Number of protein chains: 2
Amino acid sequence: MSADRPASTERLRRQNAALVLRSLRQLGPATRAELAQRTALAKATVGVIVAGLEEAGAVTESSAESEVRSGARGRPGRPVALRGEPWVGLGLELNVDYVAAVVLDLAGQVRLTETRPVALDGGVDEAALTGLARDVTARCRAAGQVLVGATVAVPALVRGDDRTVAWAPNLGVEGPGLADGVEALVGAPVRVLNDANCAAYAESHHGAAVGAEHALYLTGTVGIGAGIVDRGELVRGAAGFAGEVGHMPIGDSSARCGCGRQGCWEASIGLHAVLAAVGMPELDTPLETAAAVAERAALDPGVRAVLTRVGEDVGLGLAMLAGVLDPEVVVLGGYFVPLGELVLAPARATLDRRLASAAQVRPELRLSTLGIQAAALGAAEQAFADVFAGDLDLTAREASAGEA
Amino acid sequence: MSADRPASTERLRRQNAALVLRSLRQLGPATRAELAQRTALAKATVGVIVAGLEEAGAVTESSAESEVRSGARGRPGRPVALRGEPWVGLGLELNVDYVAAVVLDLAGQVRLTETRPVALDGGVDEAALTGLARDVTARCRAAGQVLVGATVAVPALVRGDDRTVAWAPNLGVEGPGLADGVEALVGAPVRVLNDANCAAYAESHHGAAVGAEHALYLTGTVGIGAGIVDRGELVRGAAGFAGEVGHMPIGDSSARCGCGRQGCWEASIGLHAVLAAVGMPELDTPLETAAAVAERAALDPGVRAVLTRVGEDVGLGLAMLAGVLDPEVVVLGGYFVPLGELVLAPARATLDRRLASAAQVRPELRLSTLGIQAAALGAAEQAFADVFAGDLDLTAREASAGEA
DNA sequence: TGACTTTAGTTCGAGTCTCGTACTTAATTG
DNA sequence: CAATTAAGTACGAGACTCGAACTAAAGTCA
């Protein structure tokens with residue numbers, strides 16, 4: 001029920017500044033007059049806000065390039081655009097077989113991406129992540145960029161405090177240690193989030209679910225996880241564990257799952273289930289493996305049949321999730337991407353059959369377009385969440401950081 | 001991503017006033033000094049806000065009754081409390097076998113409830129609802145009460161605009177007609193909402209889920225529906241249809257459902273499934289019917305076995321929902337209430353077995369305490385949502401309505 | 001070429017709101 | 001009956017938004 005904090009006039013200003021920033025981010029550059037229309041703020045107010053943002057380095061007057069209106073009547077406006085320069089957000093991903101980093105600027109442009117494979121020797125390589133974080137922050141600093149925050153995506157249950165790793169089956173990192181470590185390293189506020197949540201956030205801001213306020217993201221490798229976006233925000237649940245869909249009792253009820261039970265969804269649609277059914281070996285990465293399966297499917301009808309069965313089970317689970325959450329778009333990521341329509345088509349068909357009522361519209365099923373960097377990108381975007389919500393004031397930060 | 005509207009100083013004030021109102025509602029009466037502490041507002045500001053609210057009739061100085069501090073040192077404070085008097089919210093429920101109304105005051109006290117059975121002749125009796133609405137509003141007006149808004153709960157899919165009934169299998173009321181009709185009648189803003197959503201809202205504000213920011217409500221009669229509360233707010237989904245859980249493929253996969261498919265959850269745990277399994281007839285209302293079944297179960301182990309099986313299927317579905325949504329509390333309503341532990345105990349056991357991971361905590365399973373009026377009560381509470389969110393200013397309303 | 005029109009952006013004063021400080025008020029304590 | 005303590009109020013300062021008036025920069029048209 002709303003934020004439980006008092007509102008001073010200063011907060012008022014931050015909120016309106018954030019409103020302008022959001023407008024610029026979502027609808028693109030605009031003159032002050034246009035901004036006043038879009039935000040319903042008074043022209044004078046917009047003028048003041050833009051001046052402040054300009055001084056903070058958040059926006060610039062985009063030197064009238066492509067923005068010249070052709071046959072305009074009066075004085076031409078000077079379009080204002082988000083500036084990519086000083087402010088950046090850092091997204092990191094710690095996974096079992098790789099670590100990744102994405103640097104995103106305020107304008108939404110990716111400034112740097114790096115992925116490093118990690119030796120698969122039982123645990124996760126936290127050192128690889130901190131090393132990557134150190135390198136990337138150094139490079140940002142060298143380029144005169146200023147971090148507004150960083151977020152680490154991990155394949156684990158993370159508490160609602162956005163710091164504490166509560167359960168990490170494959171990682172050796174429980175507790176708030178990871179957040180603390182990275183924070184010390186990058187010198188900016190750090191969040192830790194579940195990777196599926198981050199990927200969902202990425203898809204809704206940059207990927208296949210742009211424009212959808214209600215989206216569902218399904219990550220698929222060995223395990224299956226979901227990220228839920230409702231009203232543009234992540235649904236986290238009481239402890240922060242929402243989206244644990246891998247062990248829903250769906251699909252082949254006799255399939256043995258890694259968790260020790262039978263009938264879990266991921267035992268039917270996880271990568272291992274597919275490999276077992278088609279008799280193929282696991283390659284270095286899930287994406288390579290899935291690509292190999294897709295290649296084989298082109299020749300082998302048996303493989304296609306397996307994928308059809310998997311698609312049907314995917315559809316079954318999605319029908320359930322669609323009923324519960326009513327998303328506008330469902331994005332499939334992970335190993336489903338290389339398999340494409342081989343899985344998507346039967347999933348769509350099953351989804352249609354199982355929708356609860358005639359009035360319900362089938363959510364659009366799409367493949368992720370962000371690749372392996374989805375989670376890190378979403379993490380970087382998360383770092384800007386406070387800025388666009390008006391909780392973090394770039395103007396006030398000048399003291400702690402010069403601009404270019 | 002936040003509200004996309006500009007913030008004026010007037011809105012600022014409304015927000016802070018709402019903050020005070022919420023504090024009074026949730027934490028009870030308090031002196032101005034205490035309020036200042038609770039809200040982090042300045043003492044002076046609280047003074048101004050309270051004065052405004054007092055003038056509007058929203059609060060009074062609670063004549064120092066039970067609120068006297070015993071051995072206090074300085075000047076005693078005068079506790080301020082929400083006033084029940086002029087401002088009330090109206091909740092209505094239109095169902096297949098009854099219509100109900102609840103009048104709730106600003107302080108959260110129920111001022112009036114009325115339930116009227118309706119003849120079961122095929123369709124829903126919209127006239128009964130409008131009649132009830134007319135009577136109740138008349139009585140409110142006579143008592144000098146002023147409606148801040150009304151909400152109608154219906155067993156139907158309602159669009160996100162909170163007005164349009166999109167799909168009502170048993171009702172003859174599609175489109176925005178119902179909202180328009182009631183609005184003309186009561187002379188206050190009217191919303192239409194799904195009944196499970198309203199009941200969930202009621203439980204989280206007045207019932208078994210008070211204090212839980214994340215709750216799940218399961219309504220059970222012939223059909224099964226869910227209401228989802230995340231971060232204190234209803235999760236509605238893209239079209240407003242979230243919570244349609246009755247047709248998830250769970251339980252006995254061969255069970256025939258009214259929707260024409262097999263294996264729907266409500267075909268396993270709905271009232272008809274129970275009656276068929278125990279060979280008992282349906283009585284006038286689901287609650288009476290369930291009470292009869294519970295009575296029989298005390299003597300007949302066969303009936304108990306059936307209810308155990310139902311409980312297990314309930315637990316199976318809840319395990320799935322708990323994984324997806326991670327609620328803190330799950331409240332069972334409808335016909336589950338009379339059955340009580342007969343269903344709850346096996347549901348808990350199954351839920352424990354099926355939880356996705358060791359870190360997850362089983363949500364607390366509770367029975368609804370609000371009875372048949374849950375939906376209407378939640379609807380009434382919804383009418384106050386704008387007030388407590390700071391979107392509706394009671395102070396400004398003086399013009400249109402005197403006070404007692 | 002030069003007045004006229006049209007739109008963009010700024011300046012300025014008024015109005016609101018919150019906040020901190022100082023002050024008044026009302027109780028208890030010794 | 002002071003002294004103490006805490007609640008509530010009055011008041012001025014500061015921050016912010018807003019509307020209106022004003023200036024700036026283009027095109028239009030005679």
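Below, chain A is the first sequence line, B the second, and so on; all start at residue 1. Predicted, not measured: the structure shown is a model, and the values here were computed from it.
If you measure from atom CZ of B/R32 to atom C1' of C/dT24, you get 15 Å, rounded to the nearest angstrom. What separates CD of A/E10 from C1' of D/dA13 is a distance of 16 Å, to the nearest Å. When rounded to the nearest whole Å, the span between CG of A/L19 and C1' of D/dT17 equals 13 Å. Note: CZ (B/R14) to P (D/dT17) measures 16 Å, nearest angstrom. Protein atom CD of B/E61 is 14 Å distant from nucleotide atom C1' of C/dT25, rounded to whole Å. If you measure from atom CD of B/Q15 to atom P of C/dT16, you get 18 Å, rounded to the nearest angstrom.
Considering CD of B/Q109 and CG of B/L82, their distance stands at 10.5 Å, rounded to 0.5 Å. The line from CG of A/L90 to CG of A/L92 is 4.0 Å long, rounded to the nearest 0.5 Å. Interatomic distance, A/S62 OG to A/R78 CZ, rounded to the nearest 0.5 Å: 11.0 Å.
At a threshold of 4.5 Å between non-hydrogen side-chain atoms, the residues B/V88 and B/V146 do not count as touching.
Between the side chains of B/R83 and B/T60, no donor-acceptor pair is found at a separation under 3.5 Å.
For C/dC17, the OP1/OP2 oxygens have a side-chain nitrogen or oxygen of B/R13 closer than 4.0 Å. Between A/N16 and D/dC16 there is no side-chain N or O to OP1 or OP2 distance below 4.0 Å. Proximity of A/R11 to the phosphate of D/dA15: no side-chain N or O atom is located under 4.0 Å from OP1 or OP2.
Taking only side-chain atoms of A/L12, from C-beta outward, the nucleotide of C/dT7, D/dT17, C/dG9 with the closest atom is D/dT17. Proximity note for B/R75 (side chain, C-beta onward) versus D/dG8, D/dA25, C/dT18: the nearest is D/dG8.
Within residues 36-51 of chain A, the residues having any heavy atom closer than 4.0 Å to DNA chain D are, in order of number, A/L41, A/A42, A/A44, A/T45.
Partners of A/A44 by side-chain contact (heavy atoms from CB on, under 4.5 Å), not counting sequence neighbours: none found. A search for side-chain contact (heavy atoms from CB on, under 4.5 Å) contacts involving A/D391 returns A/R5, A/R11, A/D386, A/A389, not counting sequence neighbours.
Residues A/R78 and A/T9 each lie close to DNA chain C; by heavy-atom proximity, the contact nearer the 5' end of the strand is made by A/R78.
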